[in-house]
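Written below as structure tokens is the structure these notes are about.
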Amino acid sequence: MSGNQNNLSGEYGFIGGGSTNTLSATYGVIGGGLNNNVSGEGGYIAAGGYNTLSGIGAVIDGGFNNTAAGDYGTIPGGYVNSAGGIYSFAAGVRASAAQTGTFVWSDGSDGDAILTSSRAYQFLARASGGFTLWTNAASTVGATLAPGSGTWHRRAIAT
């Protein structure tokens, strides 16, 4: 363990660096960062700041003020995201995957509003600039949902 004022009490745990990080979980890891907390067995926070992880086998790769309380939940980074459901995934800004198996991605375009899943096994995304889903490997055929629209349109790019 290196860094400044880090606290390691978890058996077989590791803190790589940073400052004021706390690891109390067996097999937990904090790579670095500031004021991160791992209490879920086998939990992993790579870096970032003020992240809290209590889910078994959960992962936070970085970002700021994220919470992974669901077992095996994942947050790849971002800001104020929450993976509270088992096997949940939250990314972007203010995304909350609150139920089992949910995937929530938020662009954060609605200020402080948190985009929250409403049922298990849901895919939820907010992209105020629109969506495009490609259906071929060359990314030339697919469908687009324009910003502010509720109707999908075919999209094809001439090659």
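Values below: every heavy atom of this structure, side chains too, minus hydrogens, waters and symmetry copies. By convention here, the first residue in the shown sequence is residue 1.
Across every non-hydrogen atom of Asn136 and Val141, the tightest pair is OD1-N, 3.2 Å. Residues Ala90 and Ala83 approach most closely at CB-N, 4.3 Å, considering heavy atoms. Across Asn6 and Ile15, no two heavy atoms sit closer than the pair ND2-CG2, 3.7 Å.
Residue pairs meeting the salt bridge (charged side-chain N to carboxylate O under 4.0 Å, His left out) criterion with at least one member in residues 15-29: none, sequence neighbours excluded. Sorted by first then second residue, the salt bridge (charged side-chain N to carboxylate O under 4.0 Å, His left out) pairs that include residues 60-86, not counting sequence neighbours, number zero. Annotation: salt bridge (charged side-chain N to carboxylate O under 4.0 Å, His left out) contacts involving residues 135-144, sequence neighbours excluded, are absent. The stretch residues 23-45 participates, sequence neighbours left out, in no salt bridge (charged side-chain N to carboxylate O under 4.0 Å, His left out) pair at all. The list of ring pair (Phe, Tyr, Trp, His ring centres under 6.0 Å) pairs with a residue in residues 17-37, not counting sequence neighbours, reads Tyr12-Tyr27.
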Give the table of side-chain donor-acceptor pairs shorter than 3.5 Å for residues 143-156, with sequence neighbours excluded, one pair per line with atom names and distance.
residue	atom	partner	partner atom	Å
Thr144	OG1	Thr132	OG1	3.2
Ser149	OG	Thr151	N	3.0
Ser149	OG	Thr151	O	3.3

For residues 43-58, tabulate all N or O donor-acceptor pairs below 3.5 Å that involve a side-chain atom, not counting sequence neighbours.
residue	atom	partner	partner atom	Å
Asn51	OD1	Asn65	N	3.4
Asn51	OD1	Asn66	N	2.9
Asn51	OD1	Asn66	ND2	3.3
Asn51	ND2	Asn36	OD1	3.2
Asn51	ND2	Ala47	O	3.3
Asn51	ND2	Gly63	O	3.2

Cut-off 3.5 Å, no hydrogens considered: what does the side-chain donor-acceptor table look like for residues 93-104, sequence neighbours left out?
residue	atom	partner	partner atom	Å
Arg94	NH1	Gly111	O	3.3
Arg94	NH2	Asp112	OD1	3.0
Gln99	OE1	Ser117	OG	2.4
Thr102	OG1	Gln99	O	2.8

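The line from OG of Ser139 to CD1 of Ile157 is 8.0 Å long, rounded to the nearest 0.5 Å. The CD1 atom of Ile60 lies 9.0 Å from the OG atom of Ser82; values are rounded to the nearest 0.5 Å.
Looking at residues two or more places apart in sequence or on another chain, you find a side chain to side chain donor-acceptor pair (under 3.5 Å) between Ser128 and Asp107, Ser109. In this structure Thr20 satisfies the side-chain contact (heavy atoms from CB on, under 4.5 Å) test together with Gln5, Leu34, Asn35, sequence neighbours excluded.
Within the 4.5 Å cutoff, the side chain of Leu115 has heavy atoms near those of the Leu124 side chain.
A donor-acceptor pair is defined here as one N or O able to donate and one able to accept, closer than 3.5 Å; no such pair exists between the side chain of Asn7 and the backbone of Leu23. For the pair Thr22 (side chain) and Asn37 (backbone), a donor-acceptor distance under 3.5 Å is absent.
Tyr121 and Ile86 fall into different hydrophobic clusters, where Ile, Leu, Val, Met, Phe, Trp and Tyr side chains are chained together by heavy-atom contacts under 4.5 Å.
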